[in-house]
Structure formats: structure tokens, C-alpha cells
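Below is one structure, written out as C-alpha cells; the observations come after it.
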There are 2 protein chains.
Amino acid sequence: MTGDPAVRRRRRGAALERAILYAAVQELTESGYAGLTMDKVARRAGTNKNAIYRRWPNRTALGVAAYRELVSADPQLPDTGDLRSDALELLRRANRHWASPYGEILRDLMSSSGGAPELLAQLHDHPGDEDAVWLTVLGRAVARGEVHPEALHPRVATVAVALLRNEYSVRGTPSTPDSVIVEIVDEVYLPLVRHRGVFTGA
Amino acid sequence: MTGDPAVRRRRRGAALERAILYAAVQELTESGYAGLTMDKVARRAGTNKNAIYRRWPNRTALGVAAYRELVSADPQLPDTGDLRSDALELLRRANRHWASPYGEILRDLMSSSGGAPELLAQLHDHPGDEDAVWLTVLGRAVARGEVHPEALHPRVATVAVALLRNEYSVRGTPSTPDSVIVEIVDEVYLPLVRHRGVFTGA
DNA sequence: AATTTAAGGTACGAATCGTACCTTAATCGG
DNA sequence: CCGATTAAGGTACGATTCGTACCTTAAATT
């Protein structure tokens, strides 16, 4: 590595990995995924591409790792005592993320992953997007007696966030108005969860 | 253009455009979108890249045009007299498409479009994927008295196909088992449309 | 006939990924 | 301590193809 030999030691192992990841995060933040190049990351980290490729198989994998450093799921679930309020809050969180600069990075990474499930699975940990939080919120509504237990089904619990994803990934809208959020919750999600269990006769 | 000058005339206008498009269709079919290059299309069409760029702004646009030549929506809507059967048939059609080689081309084109709404909108004319057909099928159920008129809402009508799209574009699954199709229809779509209109009290 | 337009032909810059190879510092093991 | 091993640092480059530029020429238009 360049620099004053008397001062600079070679970084090895985890220290170098952190430096690379940090550089990638900075490049991703400043230039988006399109602007993220292996050359620039290596240069910024003060290393060379060999060290990067020794750790991440390709550019996409590095991009995904950097994105995950940037984004963390919100640790606090809404718990208002009312399912509609919880659902709206969760969906608004997801929407804020999709509509943000991070959302654009997310879309680019989804594209770059070439539909690889292992990679895509790593891209949905952002606020309001995890299947698990939707199950939790719906589970609480069941516990409150607000919804019948039969409504607690993974596909039912996640229908709202699936519809929101549809807006961004399939329709390519750069942002989704709050009216659509309210519509998804009031026209689809709530009718579905509230009426399941009432009767399911054919 | 090369060839016997006494025999070959320059193609102009629509004739050349058709030749280019035909060449692109063949390349897309044989090599997928990844294998589709402007050089190969030009060579195959017996022209050069200038002629292509005079008509299509970039590779993606040409890919989309070729894909649309390949794929046509099924003109016959299912009309079994039973909403569940119609919905299953429609969703199975869409699923067959997503799971086919055409589905892979579709995914690649969706990726390449970079989320541009105008391009993405051109990619969803395949069997069972158009919003309009789902509205039609649901409309017929309303007319038969199978479902209340209040259920006739665009977001409700399209929830099933949105969930299917989610499987392919967000989760990256290469194919979706029929059990998932049945689940989407029986656990989400039918409960939703059947119970909307029963009562919508808060 | 002169002008304009588009087709056909050729060439190339640019960009960056991923790989190969070499040198050298640092760690490991005997 | 010393030799062997490993990973870091450095350099170079092949490969690929997109998109653009420029030139010639056939065909259409004025």
C-alpha cells in the first residue's frame, strides 16, 4: 500500500474488509449503484481489486453488502392497539424507503441481481418490508380479538406490502402517493383480514 | 448493402424496419436478452447499427419491441360461469408465461428498463397479466350476481396477479408451483371479492 | 437535374469488469 | 530464529459491446 512506510502497516483480514465495505458504502451513497465501480472502491479503500474479489465474488455482491450496511429495519414496531393504524404506519415506512434515494439503490440492486433468489432475499430487510413484521402486527390484532385467527395466514398478512412492491418494481413508479397507501389498506388489506373467518363457504 | 448489386436493392423505411425487428426477434429467441447485441442484430438483418439507432434509441427499446412481437395476449378470456375457475385459469396462464423462456426474457427486460414506467408498461400485455382482463372477469361475476358490485375495484380485481408478479420480480423464483396459484386464489382473491360488499363497517 | 434523405460501410472511444501475474509484508509453524 | 505460507499491494490487460462519428452512395423528393 502507498504512503509513508514508517507509518503505514498493511491492514489484514477484518480491518481491511471493514475499510473496503466503508468505501463501498460511501461510493454507493454518493454515486448510487450505477456509479459504484470496483476501481473506485479499491482506490478509496486504499487497496486493490484483488482484495475485494477475495471477499466478494462480484460487483453485485459488494453492492448488496454495502446497501445492507446502510439500511436497517426499524426496531420499533407500531403498536397502536388498532390494526388499521398499525398497517398504515408500517406501509408508510416501507413507502418512504422505496421513494427515497435508498429506494433507487434498491431497485438497481434488484435489477443487477438477475433474479437470483439468494441475493434478492437480502434486499428486503428495510422498514416495513419484512414479511415477519406484518405477521406480528396481524398476530397482535388476532390477540386483541380484532380479527379472527383464521386471518393469520402469511399470504394474507403480506398482501399490502406485496401490492406496494408491485408499484415500485413492476410499474416503475418513482414514488407512491399516500392516497394509494390508504387505498391498499382500506380497499384490500382490511376487508380481507376482517372478513376472513366470518365464513368461508364456497 | 453487400450482395449481388444487380439483384439487391436497398431496403428503405418499413421494409428495413421489419427486417431489423425480425432479426431481433430471432436473436432474442435463440440467445435471450443477454445474448442480444446490436452488432448481431445488424449483421443478421443485413444492415448496420446506424439504421437500428435511427429507429430505436437503445438496446433496451429494441429488446422490448422484439419481445412484443413475440408475445401476444390471449384473445379468448375464460368464461366458465364460475369466478374461481376463471381466476384460476387466468392466473395459470400468467404463471405459464412467467415460468417460460419468455418469462426470463421478460425479467431481463424489466431489469434493463431501469424502472422506466413507459418501458415497463409495454411489458405486461402477456396472457393473464393485463389489469383489464381481471376487471372483465370480475365484472362478469358481478353481472352473474356472484359478487357484490362494490367488489369491482381495480386494486381488488388485480390483487391476484399482483401477488404472482411479486413471486417472480421481487422474490426471484424461476417458477411458481400450482399450489401457490391455488393458494393466492383461495386464500386471498376469493375471500376478498366475496366479502367486500357484505359489510364495510369500521 | 440538383438536392435531400436514409441506407450501407467502417472505425473507434469509452468504460469497467474480472483475471493474471508479480512483489512484498506479515503471520504461522517447526 | 528461520523457512514456508498467505494475503496484501501493485500493475497490466483482454474482452466486450454500446453508442457515436464520419464517409459514400442509392433512392426519393423538389
Side-chain angles (χ1 to χ4, degrees), chain A residues 1-24 27-28 31-66 108-109 111-114 116 119, chain B residues 1-24 27-28 31-66 108-109 111-114 116 119:
Chain A
M1 85 191 293
T2 57
D4 190 344
V7 175
R8 306 298 298 258
R9 285 179 58 85
R10 282 187 175 187
R11 297 154 304 177
R12 294 182 72 91
L16 181 57
E17 182 163 322
R18 271 193 303 273
I20 295 171
L21 207 41
Y22 183 62
E27 286 293 324
L28 195 58
S31 315
Y33 182 61
L36 179 87
T37 70
M38 306 305 265
D39 273 327
K40 283 194 211 149
V41 172
R43 198 175 307 127
R44 191 172 204 143
T47 184
N48 72 72
K49 287 189 283 187
N50 291 323
I52 301 184
Y53 282 108
R54 222 171 267 127
R55 293 166 168 75
W56 291 278
N58 50 51
R59 178 169 167 265
T60 301
L62 179 64
V64 169
D108 288 346
L109 285 170
S111 299
S112 183
S113 70
L119 286 178
Chain B
M1 85 192 290
T2 58
D4 189 345
V7 174
R8 305 299 295 258
R9 285 179 60 83
R10 280 185 178 189
R11 296 155 305 177
R12 293 183 73 92
L16 181 58
E17 182 162 321
R18 271 194 302 273
I20 295 172
L21 207 42
Y22 183 62
E27 286 293 323
L28 195 59
S31 314
Y33 183 61
L36 180 85
T37 71
M38 307 303 266
D39 272 327
K40 281 194 212 149
V41 172
R43 197 175 308 125
R44 191 172 203 143
T47 183
N48 73 72
K49 285 190 283 189
N50 291 323
I52 301 183
Y53 282 108
R54 223 171 267 128
R55 292 166 168 75
W56 292 279
N58 49 51
R59 177 169 168 266
T60 301
L62 179 64
V64 169
D108 288 347
L109 285 170
S111 299
S112 183
S113 71
L119 286 177

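To find a chain, count down the sequence lines: A is the first, B the second, and so on, and within it residues start at 1. All values below come from the heavy atoms of this structure, side chains included, with hydrogens, waters and symmetry mates left out.
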Problem - Whole-Å distance separating the CG atom of A:Asp39 from the C1' atom of C:dC17 - result: 8 Å
Practice task
Can you tell me the distance, in whole Å, between the CG atom of A:Leu16 and the P atom of D:dT6?
Solution key: 18 Å
Practice task
To the nearest 0.5 angstrom, please state how far the OG1 atom of A:Thr47 sits from the CG atom of A:Leu16.
Solution key: 5.0 Å
Handout entry: Sugar-phosphate only, base, or nothing, as touched by A:Ile52 at under 4.0 Å among non-hydrogen atoms
Key = nothing
Exercise for the section: Could you tell me the separation between the CH2 atom of A:Trp56 and the C1' atom of D:dA7, rounded to a whole number of Å? Expected result: 15 Å
Practice task
Nearest whole angstrom, please: distance from the P of C:dC17 to the CG of A:Asn48.
Solution key: 14 Å
Fill in the blank from the handout: B:Arg54 CZ to D:dA21 P, in whole Å, measures 13 Å
Exercise for the section: Return the nearest nucleotide to the side chain of A:Lys49; candidates are C:dG18, D:dA28, C:dA6. Expected result: C:dG18
Exercise for the section: Verify, without hydrogens or angle tests, whether B:Arg59 (side chain) and B:Leu36 (backbone) share a donor-acceptor contact under 3.5 angstrom. Expected result: yes
Practice task
Quickly work out the B:Met38 CE to D:dT16 C1' distance and round it to whole Å.
Solution key: 15 Å
Fill in the blank from the handout: Between CG of A:Leu36 and P of C:dA15 the distance, given in whole Å, is 16 Å
Exercise for the section: May I ask you to say what A:Leu62 touches in the nucleic acid, namely base, sugar-phosphate or nothing, with a heavy-atom cut-off under 4.0 Å? Expected result: nothing
Handout entry: Per A:Tyr53 side chain, nearest of listed nucleotides C:dT16, C:dT19, D:dA28
Key = C:dT19
Exercise for the section: With heavy atoms under 4.0 Å as the rule, sort A:Arg55 into base, sugar-phosphate or nothing. Expected result: sugar-phosphate
Practice task
Please determine if a side-chain N or O atom of B:Arg59 lies less than 4.0 Å away from the OP1 or OP2 oxygen of D:dT17.
Solution key: no
Exercise for the section: Please state whether the phosphate of C:dA25, meaning OP1 or OP2, lies under 4.0 angstrom from any side-chain nitrogen or oxygen of A:Arg11. Expected result: no
Exercise for the section: Rounded to the nearest 0.5 Å, what's the gap from CG on A:Asn48 to CG on A:Asp39? Could you check? Expected result: 10.0 Å
Fill in the blank from the handout: The single option from B:Arg54, B:Arg12, B:Arg11, B:Arg55 that satisfies side-chain contact (heavy atoms from CB on, under 4.5 Å) with B:Glu17 is B:Arg55
Problem - Between CG on residue B:Asn58 and CD1 on residue B:Ile52, distance to nearest 0.5 Å - result: 12.0 Å
Handout entry: Rounded distance in Å - CZ (A:Arg18) to P (D:dA8)
Key = 13 Å
Exercise for the section: Have a look at B:Arg12 and say if it touches a base, only the backbone sugar-phosphate, or nothing, with a 4.0 Å heavy-atom cut-off. Expected result: base
Fill in the blank from the handout: Ranking D:dA26, D:dG9, D:dT17 by distance to the side chain of B:Arg10, first place goes to D:dA26
Exercise for the section: Would you indicate, yes or no, if C:dA7 has its OP1 or OP2 atom less than 4.0 angstrom from a side-chain nitrogen or oxygen of B:Thr47? Expected result: no
